[in-house]
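Every chain is numbered from 1 and lettered A, B, ... according to where its sequence line falls, protein lines coming before strand lines. The model shown is predicted, which means the values in this text are computed figures rather than measured ones.
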Number of protein chains: 2
Amino acid sequence: MARYTTLKDVAERAGTTASTVSYVLSSKSGRYISQATREKVMKAVDELDYIKSNSAASLKGKEVKLIGILVPQFENQFFTRIIVSAEKVFMKRGYDLVICDTLDNPGREKDFLRRMLEQRVDGLIVTPTVEGTENTALIRKLGIPMVVVDRPLPGVDDYCRIATDNYGFGKLAAGELQRLGHKNVAYIGWNTKVSDLLLRAEGVRDAYEGRGNVVVEATGFSDEGGCEGTLHVLKDHPEVTAFIYGFNMQAKGGIRCLTDAGKVIGKDTSVIVIGSPEWVNAGSNDFTHVDMGDSEVGSKAAEMLLSLISGSCSPDFKKQIVQECSLVKGTSVADIK
Amino acid sequence: MARYTTLKDVAERAGTTASTVSYVLSSKSGRYISQATREKVMKAVDELDYIKSNSAASLKGKEVKLIGILVPQFENQFFTRIIVSAEKVFMKRGYDLVICDTLDNPGREKDFLRRMLEQRVDGLIVTPTVEGTENTALIRKLGIPMVVVDRPLPGVDDYCRIATDNYGFGKLAAGELQRLGHKNVAYIGWNTKVSDLLLRAEGVRDAYEGRGNVVVEATGFSDEGGCEGTLHVLKDHPEVTAFIYGFNMQAKGGIRCLTDAGKVIGKDTSVIVIGSPEWVNAGSNDFTHVDMGDSEVGSKAAEMLLSLISGSCSPDFKKQIVQECSLVKGTSVADIK
DNA sequence: TAACAATAGGCAATCGTTTGCCTAACTGGG
DNA sequence: CCCAGTTAGGCAAACGATTGCCTATTGTTA
């Protein structure tokens with residue numbers, strides 16, 4: 001086991017006491033330290049490779065300088081982008097990130113959250129699992145600063161959140177298809193109970209209210225799910241001229257199926273992807289897609305959490321911010337007007 | 001600030017002492033606890049939402065149950081895959097992950113490593129920055145378990161590492177091009193001094209030794225870099241029929257340039273990508289690429305680190321494992337034989 | 001019935017930092 | 001020369017969990 005040197009070791013070498021060393025290192029005002037002592041201490045610190053113990057410090061009520069982040073799918077770039085942009089904000093303020101991938105499994109989420117609390121994290125950024133609302137109850141009860149990202153906590157309302165504009169995603173995508181003359185479109189989405197996600201379909205439906213038909217296919221959250229839904233539509237609704245994919249993984253699978261079925265995207269059929277996975281414009285791809293504002297979501301969540309932690313906002317400050325989205329035009333939608 | 005309950009609070013409520021509560025919770029053998037006491041304690045723990053403090057425990061020499069992971073580019077799927085697969089291994093053993101993105105900046109790396117030590121992480125998985133070899137010196141001196149991933153620590157040799165087969169990547173890719181009749185190929189790589197990465201070019205060169213010509217373009221590690229290198233080749237070496245891209249980001253930019261230049265990939269020109277970014281087979285893409293064994297690298301590193309931590313291997317156990325790679329054939333290489 | 005093992009649980013030191021409370025030496029004004 | 005302020009730094013009590021060392025019951029056996 002590794003041996004770390006302690007304040008006492010340093011003090012001994014410098015010929016002083018632990019408290020003095022502590023004061024030197026934390027350079028707190030209100031304590032006078034002579035230049036000579038300061039130098040002796042710094043020399044000893046250096047020679048002994050002293051590294052302070054965060055555990056001991058946090059035991060004395062200091063911040064742990066750890067932020068916990070729980071996301072449901074690490075492999076989804078939407079979340080890694082959130083993490084990257086949040087990290088930039090936290091890093092500047094000296095916080096490290098403990099990151100967990102819940103895999104959308106409420107059991108894992110519960111475990112992880114408890115472990116975060118055991119680590120006494122200073123705050124949490126959480127995209128809750130679909131059915132694990134209860135898991136965050138303790139966090140809220142204890143009053144640990146937390147910002148929820150993307151999905152809501154159903155049945156709860158006094159918490160901070162950076163939301164994505166799910167309804168807007170659908171509406172924006174559908175609007176574009178309408179503009180280009182598509183009367184019969186399909187929305188391939190996730191077969192989930194999370195209201196947040198059903199909103200996307202609703203946005204599409206509302207945009208088409210009285211102006212065309214929308215076929216909604218709710219399938220599994222995976223490449224296969226996307227493919228399956230697409231095949232259903234191709235088979236049962238040959239009148240459909242455009243597909244909106246609610247999630248990037250489904251989109252990937254669905255597009256593969258369309259291609260395999262011999263369709264040329266942007267000509268024989270049209271596609272809009274909700275989200276900005278890297279592949280939308282890699283290689284010969286150039287998909288029209290809805291940018292959910294991934295990075296913005298991350299940095300806003302981080303900033304909100306920091307103000308919660310620093311107490312710079314009132315203790316009962318609760319706010320939900322909806323991130324704006326935008327349409328990025330590619331060549332995957334045919335103009336059939 | 002959040003108030004956590006302590007062992008003492010629990011003890012008071014259960015009508016016993018902190019030590020008993022501690023023994024109940026850790027269920028250590030060698031201490032007798034009556035069923036009645038056990039129940040009273042558990043009840044109190046429950047009612048008070050007791051959550052143990054990892055800081056306090058680690059102060060007493062317990063493991064912190066944290067593993068630090070440093071990667072140079074979070075946005076690169078190679079690394080997120082490593083993290084995901086490592087996490088699966090660690091999670092089963094009760095470790096949490098503190099993840100940092102060094103952005104290949106030695107200064108950031110140094111900061112992060114220090115912070116990891118301050119957290120007293122039980123072990124580290126590190127892909128060192130290009131020029132920050134010194135940064136890990138302290139880790140090695142202190143004997144903190146560490147596994148290096150992918151890149152080497154130049155000038156150091158007694159450390160554990162899961163390496164990627166850089167030379168093999170180049171050779172494998174070049175071999176495929178040769179097989180299909182390409183005599184003049186280009187390798188677009190990173191303008192770095194890291195031997196590890198130069199090896200890829202060497203693999204390509206060796207494969208072509210006496211059997212054709214290789215143009216090597218070393219550019220920046222970005223989309224733009226890939227594009228730039230590609231344009232040079234198109235301009236100065238019209239005889240080149242195939243491109244090998246050393247890194248996924250360069251590949252993305254380079255391929256975009258090829259397309260913009262009116263080339264149809266797999267017909268007019270050929271491409272092999274080293275690495276497996278998601279886009280290699282998304283949409284209408286189907287690139288021949290070299291699978292570096294990303295996930296395997298992560299899980300092997302995690303397992304090696306765990307055995308280092310548990311001391312199940314001799315203290316001076318040092319081992320370098322090279323992960324095998326494989327070629328995944330797509331349609332991006334034309335057969336010109 | 002004395003002696004011993006098994007069962008049950010309290011006491012207090014310890015881990016490494018932080019910080020409030022002292023003391024002590026100097027400096028300078030009156 | 002005395003007292004107040006400034007400068008410098010030691011002492012020791014926390015923080016919360018762990019664990020070795022006790023003590024005090026029982027139950028068991030010779």
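Distance, B:Gln119 CD to C:dG16 C1': 15 Å, rounded to whole Å. In this structure, the NZ atom of B:Lys8 is 12 Å from the P atom of C:dA12, given to the nearest Å. For the pair B:Glu118 CD and C:dT18 P, the computed distance is 10 Å after rounding to whole Å. The separation between A:Asp9 atom CG and C:dT17 atom C1' is 13 Å, rounded to whole Å. C:dC15 atom C1' lies 14 Å from atom CG of B:Asn54, rounded to whole Å. For A:Lys40 and D:dA8, the NZ to P distance is 13 Å, given to the nearest whole Å. Atom P of nucleotide C:dC15 and atom CD1 of A:Ile51 are separated by 20 Å, given to the nearest angstrom. Between A:Arg120 atom CZ and C:dT17 atom P there is a gap of 20 Å when expressed in whole angstrom units.
Between D:dT18, C:dG10, D:dA13, one nucleotide has an atom nearer to the side chain of B:Thr17 than all others, and that is C:dG10. Of all nucleotides listed (C:dT17, D:dA17, D:dG10), D:dA17 comes nearest to the side chain of B:Thr6. When distances are taken from the side chain of A:Lys60 to each of C:dG9, D:dG9, D:dA14, the shortest belongs to D:dA14. Which of D:dG9, D:dT18, C:dT17 sits closest to the side chain of A:Thr20 comes down to D:dG9. Each of C:dG16, D:dC21, D:dT18 was ranked by its minimum atom distance to the side chain of B:Lys62; first place goes to D:dT18. Residue A:Ser53 has its side chain nearest to C:dG16 when only C:dG16, C:dA8, D:dT18 are considered. Nearest nucleotide to the B:Ser34 side chain, out of C:dT18, C:dA8, D:dG9: C:dA8.
Remark: the B:Ser19 side chain and the C:dC11 base include a donor-acceptor N/O pair separated by less than 3.5 Å. The base of C:dG16 lies outside donor-acceptor range of the side chain of A:Arg3, with no N or O pair under 3.5 Å. With hydrogens and angles left out, the side chain of A:Tyr32 and the base of D:dG5 share no donor-acceptor pair within 3.5 Å.
Put simply, B:Tyr50 has a side-chain N or O that comes within less than 4.0 Å of OP1 or OP2 on D:dA17. Regarding contacts with the backbone of C:dT17, every side-chain N or O of A:Ser26 stays at 4.0 angstrom or more from both OP1 and OP2.
Within the nucleic acid shown, B:Thr37 comes within 4.0 Å of sugar-phosphate atoms alone, with no base atom in reach, counting heavy atoms only. Contacts of B:Leu7 with the nucleic acid, taken as non-hydrogen atoms under 4.0 Å apart, include base atoms. At a threshold of 4.0 angstrom between heavy atoms, the contacts of A:Ser58 with the nucleic acid are absent.
Relative to the ring axis of B:Tyr4, A:Arg120 places its NZ or CZ within 45° and under 6.0 Å from the centre.
Each of B:Ser55, B:Ser53, B:Ser58 was evaluated against A:Ser58; a single residue qualifies, B:Ser55, per the side chain to side chain donor-acceptor pair (under 3.5 Å) test.
With no hydrogens or angles considered, no side-chain donor-acceptor pair links A:Thr129 and A:Asp104 at under 3.5 Å. Side chains of A:Thr37 and A:Ser34: a donor-acceptor N/O pair is present below 3.5 angstrom, by distance only.
The two residues A:Glu63 and A:Asn54 make their nearest non-hydrogen contact at O-OD1, 4.0 Å.
In this structure, the side chains of B:Val98 and A:Leu97 stay at 4.5 Å or more apart for every pair of heavy atoms.
Between A:Arg31 and A:Lys52, the residue anchored closer to the 5' end of DNA chain C is A:Lys52, taking for each the nucleotide with the nearest heavy atom.
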